[in-house]
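Structure record follows, encoded as structure tokens.
Proteins come first, then strands; the chains are lettered A, B, ... in the order of their sequence lines, and each starts at number 1. Everything quoted here is computed from the prediction, not taken from an experiment.
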Amino acid sequence: MASASDFIRAIINDDLKRGKVSRIAVRFPPEPNGYLHIGHAKSSTLNFGLAAEYGGQCHLRFDDTNPATEDQKYVDAIKRDLRWLGFDWGENEFYASDYFEQLYDWACKLIQLGLAYVDDSSEETIRALRGTVTQPGSESPFRKRSPEESLALFAQMRAGAFDDGTRVLRAKIDMAHPNMKMRDPLMYRIRHAHHYRRGNTWCIYPFYDWAHGQSDAIEKITHSICTLEFMANRVLYDWYLDALGINPRPYQYEFARLNMDYTVTSKRKLLQLVRDGYVDSWSDPRMPTLAGLRRRGVTPNAIRTFCTCIGTTKVDSTYHPGQLEHAIRQDLNDKAKRVMCVLDPLPVTIMNWRDGLVEELEAPYWPHDIPREGTRPVPLSGELLIEQDDFAEEPPKGFRRLIPGGSVRLRHAYVIRCDRVEKDRAGRPVRLYCTVFKDSASTTAKNPTPKARSTIHWVDARRSIPVTVRLYDHLFNAAAPGEDFLSDLNADSLVVYEHARIEPSVLEDDPEERYQFTRLGYFWRDPEHAHEAVAAFNCIVSLRDSWSRTKVAKTVPEKPQPHIHIPDAPSVKPEARAWLARAGIPPAVGIPIYSTEGGPVFFAGASALVDRALVATWMANHLLPALNGRFLSDLPFTAVEFAQLVALVNTQHATTHEAREVLATMLKKGGNPETLLERLRASRVSDERTLVTLVEEVLTTYADRVQAYHRGKTGLAGFFVGQVMQKTRGKASPHQVQALVHAALTRLAK
RNA sequence: UGCCCUGUAGCUCAAUUGGCAGAGCGCCUGGCUCUGGACCAGGAGGUUCCAGGUUCGACUCCUGGCGGGGCAACCA
């Protein structure tokens, strides 16, 4: 059994423990009407992960109940993406559209049961009669139609006797239900449309709510996990399954979908970006689609790591892309060979280089802290290219690279000094003339050369290969692009370096090799530019760059003002208020009593005997919360016995703590409070010497914390008391323990 | 003016079921380094949404309030 790292796993563990289920079956149910994106990665990682952890299975089910939008090409793309992510569903590939016949039969059953009917109302009428979230709806005139008539009509619907939109099948539930999903939801609509898998065999199509739970049931899914927006649908999910009498049946649980800053994940918006040409396709490397991430060069492993470490909760949450980037860097750091590539070249002539000399340097692929072997030859001559950014005539503060008269080390090679700068008419440097210090070779322990301010990357001017390099940034400028998301598009989300140059060693490599371009980031060849004469490299993710971070003025997030709120008078419903007044107790304790079934009666019974305020307090704070779904009438003790218990407290015969323990016993097996109190006291550790020993034990065991306590971490006092209480298994007076702990602590302080 | 879900560090999440408020990311400082990377060490950052109540003790239980999200598609 996996540890309960989130609420879903906690539920599953509990179901397994209580024998509600004996095996785990989950499903990942995409609709084949678009491409999978990073949000689906979260969902599929959860579901396939669950199956793996619990030795169960995860089905891939295409939720294809809408012929208008679905297509085989999406099915293929979804399968490809999931396989790429590393998931395997084996034989368990299913289609909701394969269940149409069964769904139809079940619908007929519901009609026969009087739980569904054919409605001839128009779309507008149905909408109007549904009411609003605050107003109940009203019943359709066709609701009273006999099962026989509905059955016949439904058969005709299937047979194609009616036009699109003229009739629907609805479940007969409750038009006044506070949950709008329960106001006679639609089960089938008429659509004379071609379905990509079923062709024209059907002209009625089931809706999501009707299809989904039943599909889960057919596949014997145990835990049907979906996103938060389906929460309101759960009641309906349950209703269909229970109406059909399916047992055992699946249960639905909801978790928060993934949102990410600076991007959009709505299918509609993604589609618009592609269709209107804001990106070049679904697999544009800036897209949050799995196809886009794949083309960008992101590894499946990094995505899975990201998805597992963000957790699973019910809190709406938005992740920062930095979190994903971190996972990518972590994954690639010890997998990507280091090579050198210059994005924006600045020529360098080494003046003291021997004419025609070409050195072949043996450069390791891996930095010192990565225990991997391998080197490649890197050619070096008197004509080099370095990065424009690595030279500054007037260096900003903190600049550690090359400046006129300054020196830097060429990575894997020698130290050079910049002696002269050649500039164009606009004053931009076009060539540097440098001196090399050949006694500064990497291996030289102490070198007499000028001290290098830093190390920069470079390539040989003649022997490097021209490539284009594509750098990507967020698709949007706004953290949360709004409805007019197109106006938030980042114009610089793609920057192409047409004249980049890379060291020749990469010619030998597999085209899918991923690299770290030293000091720049992680790159690989764009698979969609694979056959072009000049190779194109995609930036998968840049390196963390503490230099550029210091250049950008940091905006310190403003600390939000603490929210001070003065509450209004509590709003309590009139009938409750009246009862409160009669009972003579304050709302804080009175409301839970009033709103519990049998609460007022129980309260009346008990308060006849003891102080009503105390009874109310005890009911509200101790009895009611411990009920756990039980009814007051099912308790193994009466209101009178409860009153006796409260009386013990009232007369100070029992401490609060004792009384709570007695109550716990009474809740389990009933009994007379006074007797139980006697028994409790008999078993109690009240002998001071025993307690002192225990206190000493605790303080010795946690000597370090005692020190911390004396250094001012006084919150630990509660911890010590708690430890002693646990040692006595609650059978000591906390007051007494507290006093003893305090005494021991002050003694130790001296 | 309904029903449901949800509020813990800047972000994402923990906190053994009432007993030390923590971690990862981000940020800062230092170390190391032939990558301004990686790694190592340290640091800052908290009214646990607010107000009450119960308790020796509340992030945790009770009440009220406030904020955020979802639900009124012949979409899923």
Side-chain angles (χ1 to χ4, degrees), chain A residues 5-6 29 31 33 63 65-66 68-69 123 126-127 130-135 137 164-165 168 177-181 183 186 188-191 205 207-208 212 228-233 235 254 261 309-311 313-320 322-323 326 329 333-334 338 367-370 400-401 409-412 442 452 454-457 516 518-519 543-550 554 557 559 562-568 570-572 586-592 617 620-622 624-625 656-657 660 705 708 713 715-723 725-726 733-735 737-738:
Chain A
S5 51
D6 56 62
E31 183 189 9
N33 69 346
D63 218 343
T65 57
N66 184 358
T69 55
E123 190 173 339
I126 289 175
R127 206 195 310 275
R130 187 144 35 214
T132 69
V133 288
T134 54
Q135 290 165 330
D164 285 4
V168 291
H177 202 285
N179 181 343
M180 306 245 351
K181 299 277 182 207
R183 321 247 259 229
L186 276 51
Y188 278 92
R189 75 280 213 181
I190 301 173
R191 280 280 170 281
Y205 289 92
F207 283 91
Y208 167 82
H212 202 88
L228 250 28
E229 69 267 27
F230 292 100
M231 214 148 39
N233 302 58
V235 185
E254 310 89 15
D261 279 336
C309 80
I310 57 177
T313 64
K314 301 179 80 157
V315 188
D316 271 305
S317 39
T318 305
Y319 307 91
H320 195 272
Q323 201 105 359
H326 171 75
R329 291 189 191 105
N333 181 42
D334 57 5
R338 315 292 133 124
H368 63 94
D369 53 357
I370 291 175
R400 301 217 312 245
R401 285 111 97 148
R409 175 177 293 281
L410 299 173
R411 179 134 175 103
H412 302 303
S442 310
S454 66
T455 301
I456 63 171
H457 60 276
Q516 183 191 110
T518 303
R519 302 208 304 137
L543 250 26
R544 274 177 90 237
D545 183 356
S546 56
W547 168 239
S548 70
R549 263 184 276 142
T550 58
K554 275 190 282 299
K559 205 180 166 177
H563 183 84
I564 306 290
H565 171 73
I566 292 123
D568 303 329
S571 69
V572 180
V589 288
I591 288 169
T617 300
N621 283 304
H622 305 297
L624 265 24
T656 314
H657 192 264
R660 282 168 68 184
R705 290 167 218 230
K713 198 160 180 181
L716 283 164
F719 170 71
F720 298 133
V721 174
Q723 289 301 313
M725 290 302 292
Q726 273 170 23
S733 147
H735 280 290
V737 171
Q738 198 166 40

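- If you check every strand for non-hydrogen atoms under 4.0 Å, Pro592(A) touches sugar and phosphate atoms only.
- Taking atom P in both rG64(B) and rC71(B), one finds a spacing of 26 Å when rounded to whole Å.
- Of the nucleotides present, rC71(B) is the one that pairs with rG2(B) by Watson-Crick or G-U wobble criteria, both distances under 3.5 Å.
- The minimum heavy-atom distance between Ile310(A) and Tyr319(A), with the atom names listed, is CB-CE2, 3.5 Å.
- Residue His368(A) contributes atom NE2, which lies 8 Å from atom P of rU33(B) at whole-angstrom precision.
- Applying the ring pair (Phe, Tyr, Trp, His ring centres under 6.0 Å) rule to Phe719(A) yields the partners Tyr702(A); only residues at least two apart in sequence or on another chain are considered.
- Applying the 4.0 Å criterion to OP1 and OP2 of rG36(B), one finds that Arg519(A) has a side-chain N or O inside that range.
- Residue Pro178(A) is the one, among Gly322(A) and Pro178(A), whose nearest nucleotide of RNA chain B lies closer to the 5' end (criterion: closest heavy atom).
- Between Thr455(A) and the phosphate of rU33(B), there is no side-chain N or O to OP1/OP2 separation shorter than 4.0 Å.
- Separating the C1' atom of rG37(B) from that of rG46(B) is a span of 32 Å, rounded to the nearest Å.
- The distance between atom CD of Gln723(A) and atom P of rU16(B), rounded to the nearest whole Å, is 14 Å.
- Residue Arg660(A) places no side-chain N or O under 4.0 Å from the OP1 or OP2 atom of rC61(B).
- Nucleic acid contact class of Asp369(A) (heavy atoms, under 4.0 Å, all strands): base.
- With C1' as the reference atom, rA44(B) and rA51(B) are 31 Å apart, rounded to whole Å.
- Look at Thr132(A) and you won't find any side-chain N or O under 4.0 angstrom from OP1 or OP2 of rG2(B).
- Of the side-chain N and O atoms in Arg329(A), none sit less than 4.0 angstrom from OP1 or OP2 of rC39(B).
- Separating the CG atom of Leu624(A) from the P atom of rU54(B) is a distance of 17 Å, rounded to the nearest angstrom.
- Rounded to whole Å, atom P of rG36(B) lies 10 Å from atom CD of Gln516(A).
- The side chain of Thr656(A) places no N or O atom within less than 4.0 Å of a non-bridging phosphate oxygen (OP1 or OP2) of rU54(B).
- A close approach under 4.0 Å does occur between a side-chain nitrogen or oxygen of Thr313(A) and OP1 or OP2 of rC13(B).
- For rA73(B), one of the phosphate oxygens OP1 or OP2 lies less than 4.0 angstrom from a side-chain nitrogen or oxygen of Arg127(A).
- Contact annotation: Arg544(A) side-chain N/O to rC27(B) OP1/OP2 distance is under 4.0 Å.
- Applying the 4.0 Å criterion to OP1 and OP2 of rC56(B), one finds that His735(A) has a side-chain N or O inside that range.
- Distance noted for atom C1' between rG18(B) and rC62(B): 14 Å (whole Å).
- Taking the C1' atoms as reference points, rC49(B) lies 16 Å from rA58(B), given to the whole Å.
- Contact annotation: Tyr319(A) reaches the phosphate of rC13(B) (side-chain N/O to OP1 or OP2, under 4.0 Å).
- Residues satisfying the side chain to side chain donor-acceptor pair (under 3.5 Å) criterion with Asn233(A), sequence neighbours excluded, are Asp209(A).
- Using a 4.0 Å heavy-atom cutoff across all strands shown, Thr69(A) reaches no nucleic acid atom at all.
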